[in-house]
Amino acid sequence: MNGVPLNINWQQILLHFFNFTILALGLYLLIYEPVVKFMEKRTDYFRSLDEQAQAALQEAEKQQVLRQEELDSLHAELDHMTEVAMKEVQGQVKKRMDLATEQSDRILADAKENAMIEREKILHEAKEEVKRMIIDLSEKIVTEEGDIYDDFLAAAGKGEGNE
């Protein structure tokens, strides 16, 4: 024994430690560092995608709010236009109803006037017929001698048959 307890070869330990250090350094440089850079790039890429998606989402929400306001404005305008159109239609209906009422009143007044004229005409014709019958009867009475009652009945019988 060389005076090293437990049979430890310090040269072998140092050599193994040196090999381990070279291996660790090589793995660090060849694998760990590129993987970390790749993961950072990947993280940055997905972070930028997430930021873009968030920005696009916020823009879409703003656009949706604007579109909703525009839609509400259009609905209000449509309601106003509908109200105006309904008032206009109601005004036209009222005008036509007033015109129809006026025409019906005029027709009724004309009909009443025509009925009065016709009534006056019939009354006038009836009076003329009565006058003519009275004149005829008076002439018969004056010109003929006979029974006045029989002649009257005969004249009245003629008048009834003519109707």
Side-chain angles (χ1 to χ4, degrees), residues 23-144 146-163:
L23 180 66
L25 182 65
L27 287 176
Y28 177 80
L29 292 175
L30 294 174
I31 296 177
Y32 180 74
E33 195 172 309
V35 168
V36 167
K37 286 182 182 178
F38 175 77
M39 293 300 285
E40 286 175 358
K41 285 181 183 177
R42 201 75 175 150
T43 303
D44 291 343
Y45 173 73
F46 284 116
R47 185 175 298 127
S48 70
L49 283 180
D50 186 45
E51 289 171 358
Q52 289 175 356
Q54 288 297 328
L57 180 63
Q58 288 176 351
E59 183 65 27
E61 287 174 351
K62 287 179 184 176
Q63 290 296 324
Q64 183 181 9
V65 167
L66 289 175
R67 296 295 183 253
Q68 186 62 39
E69 289 173 356
E70 193 175 296
L71 186 62
D72 292 343
S73 170
L74 289 174
H75 279 297
E77 185 178 342
L78 179 63
D79 290 343
H80 175 70
M81 290 173 71
T82 303
E83 185 178 320
V84 168
M86 287 300 291
K87 286 181 181 178
E88 184 178 322
V89 166
Q90 287 174 348
Q92 289 178 357
V93 167
K94 186 175 182 328
K95 279 183 184 177
R96 289 190 181 198
M97 288 297 290
D98 291 344
L99 182 63
T101 303
E102 182 181 312
Q103 286 177 347
S104 67
D105 289 346
R106 192 172 341 117
I107 289 170
L108 283 174
D110 290 346
K112 284 181 182 178
E113 184 179 328
N114 288 340
M116 290 301 289
I117 291 170
E118 194 66 29
R119 179 178 175 261
E120 291 296 323
K121 183 178 172 185
I122 291 172
L123 284 175
H124 179 68
E125 288 176 359
K127 285 180 183 179
E128 290 298 318
E129 183 69 25
V130 169
K131 283 181 188 177
R132 188 184 53 77
M133 287 174 61
I134 291 173
I135 291 172
D136 287 345
L137 187 57
S138 300
E139 286 177 359
K140 280 187 179 181
I141 293 173
V142 171
T143 56
E144 292 183 9
D147 193 7
I148 294 174
Y149 181 73
D150 290 335
D151 290 341
F152 179 75
L153 288 177
K158 262 187 174 175
E160 288 179 9
N162 291 338
E163 289 183 340

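Excluded from the calculations below are hydrogen atoms, water molecules and symmetry mates; all remaining heavy atoms, backbone and side chain alike, are included.
Residues passing the side chain to side chain donor-acceptor pair (under 3.5 Å) test with Lys94, sequence neighbours excluded: Asp98. Taking Lys127 as the reference, nothing meets the salt bridge (charged side-chain N to carboxylate O under 4.0 Å, His left out) condition, with sequence neighbours excluded. Partners of Phe46 according to the side-chain contact (heavy atoms from CB on, under 4.5 Å) rule, which considers only residues two or more places apart in sequence or in another chain, are Arg42, Leu49. By the salt bridge (charged side-chain N to carboxylate O under 4.0 Å, His left out) test, Lys37 is found to be paired with Glu33, residues two or more places apart in sequence or in another chain being considered. With sequence neighbours excluded, the residues forming a side-chain contact (heavy atoms from CB on, under 4.5 Å) with Val36 are Tyr32, Glu40, listed by chain and number. For Glu59, the side chain to side chain donor-acceptor pair (under 3.5 Å) partners two or more places apart in sequence, or in a different chain, are Gln63.
By the neighbour-count criterion of 12 heavy atoms within 6.0 Å, atom CD of Gln103 is densely surrounded, having more than that number from other residues, nucleotides or ligands.
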Result block: side-chain N/O donor-acceptor pairs under 3.5 angstrom for residues 69-91, not counting sequence neighbours:
residue	atom	partner	partner atom	Å
Asp72	OD1	Gln68	NE2	3.1
Thr82	OG1	Leu78	O	2.7

Anything under 3.5 Å between a donor and an acceptor, one on a side chain of residues 113-125, the other on a protein residue two or more places apart or in another chain? List them.
residue	atom	partner	partner atom	Å
Asn114	ND2	Asp110	O	3.4

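Using a 4.0 Å cut-off between a side-chain N of Lys or Arg and a carboxylate O of Asp or Glu, Arg106 and Glu102 qualify as a salt bridge.
Screening residues 45-57 for side chain to side chain donor-acceptor pair (under 3.5 Å) gives Asp44-Arg47 as the qualifying pairs, with residues at least two apart or on separate chains.
Interatomic distance, Gln92 CD to Leu99 CG, rounded to the nearest 0.5 Å: 13.0 Å.
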